[in-house]
Amino acid sequence: MVGFLTAQLSVAGAPVLIREIVGNLFGLACAFLGMKRKVWAWPVGIIGNALLFTVFLGGVFHTPQNLDLYGQAGRQVMFIVVSLYGWFSWVKSRNQSGDEVAIEPRWATASERIGMITVAIFATVICANIFEMLGSWGPWADAWIFVGSMLATWGMARGWNEFWLIWIAVDAVGVPLLLKGGYYPSAALYLFYGCFVIWGFVSWVRLEHQSDNDQQKSSATDQVPALAAAER
């Protein structure tokens, strides 16, 4: 275990921790399983979060970068907490529906969207000031990544299509920040993840449309006997 935690690779002459690569691979697997609406997405993601927590507290765990990204580290803790809720919620939904998939995608309501935007603005400002006081590197970008990740994970747990769009906004800020800080595996994952979430977004929207069409057909089929009875 000690060997795994300290093992490194050299990428373009820069040292990279093996556990950063492994943690991000778990994150990618979580995203893929989430797109497939599989409950296993949550425990897989939690393992990756635990590994990345030690990576982003570089000053504490003495990583090659030796940088403390409190927002990045804090969001791993947030991920674990929200993932436990998502795990419970998806298991409950799957058991109630009796299907293999755990959730039915839908668009957030107007009030839910207003709530997300409000939280995004105020929480980013608050977190940025806190991270700046703590001495975090890149506090404003770090704050949005933290808050956006929280909203995206919550949206995934609720089955909102919008959570994919929030991830795109997080990636747009995260890639430059991580490249500048020397976290190359994480930056590469963010870049790939940006393309992946577009695919996931399209997949969920199609699933929602298909579900709506199936419900309309089912409703029309149910109405036929009723109309026939009325004509008699």
Side-chain angles (χ1 to χ4, degrees), residues 27-28 30-31 34-35 37 41-42 45-46 49 52 56 69-90 92-93 102-134 136-178 180 186-187 189-209 211-212:
L28 183 59
C30 171
M35 185 186 71
R37 297 175 293 157
W42 300 105
I46 288 173
N49 299 146
L52 292 176
F56 291 117
L69 293 176
Y70 294 111
Q72 292 284 344
R75 80 179 188 134
Q76 306 307 320
V77 178
M78 175 275 299
F79 277 146
I80 292 173
V81 173
V82 180
S83 292
L84 290 173
Y85 164 76
W87 192 354
F88 171 79
S89 179
W90 280 29
K92 182 180 179 181
S93 177
I103 200 78
E104 286 296 328
R106 68 176 179 89
W107 291 102
T109 64
S111 60
E112 288 169 340
R113 289 179 181 176
I114 292 172
M116 282 192 289
I117 293 172
T118 302
V119 170
I121 294 173
F122 285 97
T124 299
V125 172
I126 293 171
C127 288
N129 282 281
I130 293 174
F131 295 160
E132 191 169 23
M133 287 188 294
L134 290 173
S136 182
W137 186 75
W140 284 91
D142 211 14
W144 162 241
I145 291 171
F146 176 81
V147 174
S149 298
M150 175 184 66
L151 291 172
T153 308
W154 176 259
M156 177 178 166
R158 303 291 293 175
W160 297 338
N161 292 325
E162 286 88 348
F163 95 87
W164 296 104
L165 301 178
I166 299 173
W167 274 128
I168 294 174
V170 170
D171 295 336
V173 175
V175 171
L177 178 71
L178 293 172
K180 190 174 181 180
S186 296
L189 177 70
Y190 270 51
L191 189 59
F192 177 79
Y193 196 69
C195 300
F196 181 86
V197 295
I198 295 174
W199 177 28
F201 173 68
V202 172
S203 297
W204 271 41
V205 170
R206 285 178 177 173
L207 285 169
E208 189 208 14
H209 287 168
S211 178
D212 290 343

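Sequence positions, counted from 1, serve as the residue numbers for this chain. Worth knowing before you read on, the calculation uses all heavy atoms, side chains too, and leaves out hydrogens, waters and symmetry mates.
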At their closest point, which heavy atom of [X] faces which heavy atom of [Y], and how far apart are they?
| X | Y | answer |
| --- | --- | --- |
| Leu151 | Val119 | CD2-CG1, 3.9 Å |
| Gly45 | Cys30 | CA-CB, 3.7 Å |
| Ser149 | Met78 | C-CE, 3.7 Å |
| Ser83 | Asn49 | OG-OD1, 4.3 Å |
| Pro139 | Ala128 | CB-O, 3.7 Å |
| Pro176 | Ala172 | CD-O, 3.3 Å |

Distance from [X] atom [atom1] to [Y] atom [atom2], nearest 0.5 Å?
| X | Y | atom1 | atom2 | result |
| --- | --- | --- | --- | --- |
| Cys127 | Ile145 | SG | CD1 | 12.0 Å |
| Leu207 | Asn161 | CG | CG | 9.0 Å |
| Thr124 | Met150 | OG1 | CE | 8.0 Å |
| Ile130 | Asp142 | CD1 | CG | 12.0 Å |
| Arg106 | Glu112 | CZ | CD | 4.5 Å |
| Ile168 | Phe163 | CD1 | CZ | 10.5 Å |

Looking only at atom types and distance, does a side-chain atom of Trp204 sit under 3.5 Å from a main-chain N or O of Met35, one as donor and one as acceptor?
yes
Measure from the side-chain N and O atoms of Glu162 to the backbone N and O of Arg113, and report whether any donor-acceptor pair falls under 3.5 Å.
no
Test side-chain hydrogen bond (donor to acceptor under 3.5 Å, both in side chains) applied to Asp171 - qualifying residues, sequence neighbours left out:
none
Students often mix this up, so state it plainly: with edges at 30° and 60°, are the rings of Trp154 and Tyr85 parallel, tilted or perpendicular?
parallel
Tell me whether the rings of Phe196 and Tyr193 are parallel (<30°), tilted (30 to 60°) or perpendicular (>60°).
parallel
Just wondering, do [Y] and [X] contact through their side chains at under 4.5 Å, heavy atoms?
| X | Y | value |
| --- | --- | --- |
| Trp199 | Ser203 | yes |
| Thr153 | Trp167 | yes |
| Val170 | Trp144 | yes |
| Pro105 | Trp160 | no |
| Ile46 | Leu84 | yes |
| Val205 | Trp107 | yes |

Trp140 vs Val125, side-chain contact (heavy atoms from CB on, under 4.5 Å): CA-CA, chis, key distance, verdict:
CA-CA 8 Å; Trp140 284 91; Val125 172; 4.3 Å; yes
